[in-house]
Amino acid sequence: MVISVHTLQQSCHLPVEFEHRAYWAIKKFNFDMRLAGDHRRLQLNKLDELRTEAYENSQIYKEKTKAFHDKLIAKKTFEVGQKVLLFDSRLKLFPGKLRSRWCGPFVVTNVFSHGAVEIQNPKTGSTFKVNWHRLKPYLELVIEWLVENVPLRDPDVSA
């Protein structure tokens with residue numbers, strides 16, 4: 001038996017055996033619900049494993065990056081009587097090209113355990129509390145001039 005199929009204005013004759021086998025194959029692969037469900041669950045499990053592995057890898061990367069960053073941070077400790085510079089946050093809008101963002105020096109008068117530091121302006125005598133993140137140690141430039149006295153004498157002409 002031959003069946004006529006018209007596609008794009010061309011006729012095609014297919015034997016019935018091929019059509020029946022194709023129909024049977026489609027029916028078998030599409031309607032075996034248990035096999036299709038098992039296959040879908042396996043795909044979902046693989047996808048879940050990939051997602052979990054990617055999450056773990058990102059966590060490992062974040063921990064390594066944080067450890068590297070924290071290793072480079074210098075610990076700042078302040079003592080009473082130490083001179084410090086204060087970060088001037090008001091200069092952020094229009095700082096000027098060569099203007100420093102640090103003002104001071106100030107003298108530390110008290111260090112609190114929760115991260116606050118009390119500093120005093122030596123020029124005006126006013127004291128106020130600031131966060132220790134806004135401070136950095138002031139390094140005074142101490143220059144000792146080495147002066148050597150060299151006596152000048154007249155050269156010995158007789159020699």
Side-chain angles (χ1 to χ4, degrees), residues 1-122 124 126-142:
M1 176 177 217
V2 177
I3 299 175
S4 296
V5 178
H6 299 283
T7 59
L8 297 174
Q9 299 181 359
Q10 294 178 355
S11 63
C12 177
H13 301 289
L14 292 176
V16 174
E17 294 88 22
F18 289 137
E19 183 179 299
H20 179 68
R21 285 184 184 165
Y23 176 73
W24 179 79
I26 291 171
K27 184 175 179 182
K28 179 176 184 207
F29 287 120
N30 285 343
F31 290 107
D32 190 4
M33 294 300 220
R34 189 180 61 77
L35 184 62
D38 290 343
H39 183 66
R40 179 51 105 187
R41 275 193 291 279
L42 186 63
Q43 286 178 335
L44 289 174
N45 285 341
K46 284 183 182 177
L47 187 65
D48 193 41
E49 287 175 10
L50 285 173
R51 184 188 60 80
T52 305
E53 185 178 345
Y55 178 75
E56 289 172 356
N57 287 341
S58 72
Q59 288 297 323
I60 291 170
Y61 173 75
K62 286 179 185 178
E63 289 171 1
K64 285 184 179 179
T65 306
K66 184 181 182 328
F68 178 74
H69 179 266
D70 290 347
K71 184 173 67 173
L72 296 178
I73 295 176
K75 300 291 182 191
K76 294 190 276 187
T77 55
F78 298 105
E79 299 172 359
V80 175
Q82 180 182 3
K83 290 187 177 181
V84 293
L85 294 175
L86 175 65
F87 182 74
D88 191 2
S89 59
R90 290 177 289 170
L91 283 174
K92 282 187 178 179
L93 295 176
F94 305 105
K97 207 171 200 179
L98 299 175
R99 191 163 178 187
S100 176
R101 293 176 183 242
W102 298 93
C103 59
F106 296 94
V107 178
V108 175
T109 58
N110 197 357
V111 179
F112 299 100
S113 61
H114 51 81
V117 178
E118 188 175 42
I119 59 176
Q120 180 181 19
N121 188 348
T124 62
S126 61
T127 62
F128 51 95
K129 290 182 186 178
V130 294
N131 192 334
W132 69 272
H133 291 286
R134 295 182 61 202
L135 298 175
K136 73 176 182 180
Y138 176 70
L139 303 175
E140 290 185 272
L141 185 62
V142 178

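In this structure, CG on L47 lies 9.5 Å from OG1 on T52, to the nearest 0.5 angstrom.
A search for side chain to side chain donor-acceptor pair (under 3.5 Å) contacts involving Q43 returns H39, R40, not counting sequence neighbours. Applying the side chain to side chain donor-acceptor pair (under 3.5 Å) rule to E118 yields the partners T109; only residues at least two apart in sequence or on another chain are considered. In terms of the side chain to side chain donor-acceptor pair (under 3.5 Å) criterion, residue partners of D48 (sequence neighbours excluded) are, by chain and number, R51.
When all heavy atoms are compared, the tightest approach of V117 to F112 is N-CD1, 4.4 Å. The two atoms that bring P122 and P105 nearest to each other are CD-O, 3.5 Å, heavy atoms only.
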Anything under 3.5 Å between a donor and an acceptor, one on a side chain of residues 79-86, the other on a protein residue two or more places apart or in another chain? List them.
residue : atom : partner : partner atom : Å
Q82     : OE1  : E79     : N            : 3.0
K83     : NZ   : E140    : OE2          : 3.3

Considering only distance and modelled atom types, tabulate donor-acceptor pairs under 3.5 Å from the side chains of residues 58-72, sequence neighbours left out.
residue : atom : partner : partner atom : Å
S58     : OG   : Y55     : O            : 2.8
T65     : OG1  : Y61     : O            : 2.8
K66     : NZ   : D70     : OD2          : 2.6

Which atom pairs, donor and acceptor, lie under 3.5 Å between side-chain atoms of residues 126-139 and protein residues at least two apart or in another chain?
residue : atom : partner : partner atom : Å
S126    : OG   : T124    : OG1          : 3.1
N131    : OD1  : H133    : N            : 3.3
R134    : NH2  : F87     : O            : 2.9

